[in-house]
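A quick write-up on the structure given underneath.
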Amino acid sequence: MSLKIHAAITAVGGYVPPDKLTNLDLEKMVDTNDQWIRTRTGITERRILKEPGKATSDMIAPAVLELCTKRGITPDEIECLIVGTVTPDMVFPSTANLVCHKIGAHQAWGFDLSAACSGFLFALAQGAALIESGRYKKVVVCGADKMSAIIDYTDRATCIIFGDGAGAVLLEPSSVEFGVMDSMLRSDGSGSPYLHIKAGGSLKPASEETVANREHYAYQEGQAVFKFAVKGMADVSAELMEKNNLKAEDIAWLVPHQANLRIIDATANRMGLSTEKVMINIERYGNTTAATIPLCLWEWENKLKKGDNLILAAFGGGFTWGAIWVKWAYDTK
Ligand code: UT7
């Protein structure tokens, strides 16, 4: 028992759209090939939300409903819902607002948090703080992106990487030491030139010129981001372990952002972890930005055991990066 209130993850939900975009499909769209994509990134296929009129909130809604069913609660028991995303349905209102409406979470307030690929980690830290304050008993934290909405499918530097998906976790108070144990979150705006969308914000509002110049799509200087990502994700994960006296043998799972298999391998090596302890699904979903980490938790939930130490780690646009130590709170039947 501990006097401190801990924010335990008590349920997980996820959603990926049914349509697949394979490397072979991409070979027909841009100058690339399956072997290059697999060896440079680890990706074989990604999911794309193709249905007209559907947006990020439409992927989050089923993920949240799934976690409610698993936990045996109704959506109107949710008090706050936070969405990490860079592909909100609209500039405003927030996607969190729209999700609450779609699922019938009538008692909840919520907000969107923009931290690119670190969006879920930043949102998780925020949700945990609400629970730890003692004022909230049920907070839902989502990571979701419809990256296909902001990808230029004539640009081989970006279109081979990204996919669509959504994941969500429920946070509840625990007097036992389970849940979010510690976090280290970082950001550095000097990294913005390497990964951003040039137009559509207040700096460069949409115009005929910005559309003609394809400036509403994600722009990435892959090599530069790669170098920062390898160092940032590995450093912060190692630092978090050191700070908390965690050795490699204490860690059950590394839950890394799925940007590139080579970045994941470098982080695992730095932490002294073998591949069996690393959640990897990049080959099937690609980089779903804020959704990668909760989608891993969703897929691996059955393998997780009460008391398992997890390190969640991410690096993304901003730059933003960080790591969170989670002690898993339940066994799945
Ligand atoms: O999600 C959060 C943030 N994002 C990341 O963490 C992504 C970080 N970056 C990366 O994952 C990698 O930089 C990429 C996967 C984007 C690119 O891989 P790379 O190993 O850095 O490739 P590169 O850009 O250095 O290009 C190497 C070669 C070049 O040809 P030359 O100059 O060696 O002849 C490129 O023109 O590969 C060529 N190339 C391609 N070839 C086939 C670049 N893109 C492609 C492509 N297909 N799609």
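Sequence positions, counted from 1, serve as the residue numbers for this chain. Computed from a prediction, not measured in an experiment: that's the story for all the values here.
For the pair Gln258 (side chain) and Ile282 (backbone), a donor-acceptor distance under 3.5 Å is present. At distances below 3.5 Å, at least one donor-acceptor pair connects side-chain atoms of Asp164 with backbone N or O atoms of Leu49. Listed for the Thr332 side chain is a donor-acceptor partner under 3.5 Å among the backbone atoms of Glu301.
Residues Ile293 and Ala313 share a closest heavy-atom pair of CD1-O, 3.5 Å.
Counting only residues at least two apart or in different chains, salt bridge (charged side-chain N to carboxylate O under 4.0 Å, His left out) contacts with residues 304-328 are absent. For residues 197-222, the set of pairs meeting the ring-ring contact (aromatic ring centres under 6.0 Å, His included) definition, not counting sequence neighbours, comprises His196-Tyr219.
Salt-bridge formation is not detected for the pair Asp89/Lys146: no Lys NZ or Arg NE/NH1/NH2 atom is positioned less than 4.0 Å from an Asp or Glu carboxylate oxygen. Using a cut-off of 4.0 Å between Lys/Arg side-chain N and Asp/Glu carboxylate O, Arg284 and Glu45 are scored as not salt-bridged. With respect to Asp182 and Lys243, a salt bridge is recorded, a charged nitrogen being found less than 4.0 Å from a carboxylate O.
Across Phe111, Phe122, Trp109, a single residue satisfies side chain to side chain contact (heavy atoms under 4.5 Å, CB included) together with Ile82, and that is Phe111. Among Asn287, Thr292, Thr320, the single residue meeting the side chain to side chain contact (heavy atoms under 4.5 Å, CB included) criterion with Cys117 is Asn287.
The structure places CZ of Arg270 at 7.0 Å from NZ of Lys231, a figure rounded to the nearest 0.5 Å.
The aromatic rings of Phe228 and Phe319 are tilted relative to each other, their planes meeting at an angle between 30° and 60°.
By the neighbour-count criterion of 12 heavy atoms within 6.0 Å, atom NZ of Lys20 is sparsely surrounded, having that number or fewer from other residues, nucleotides or ligands.
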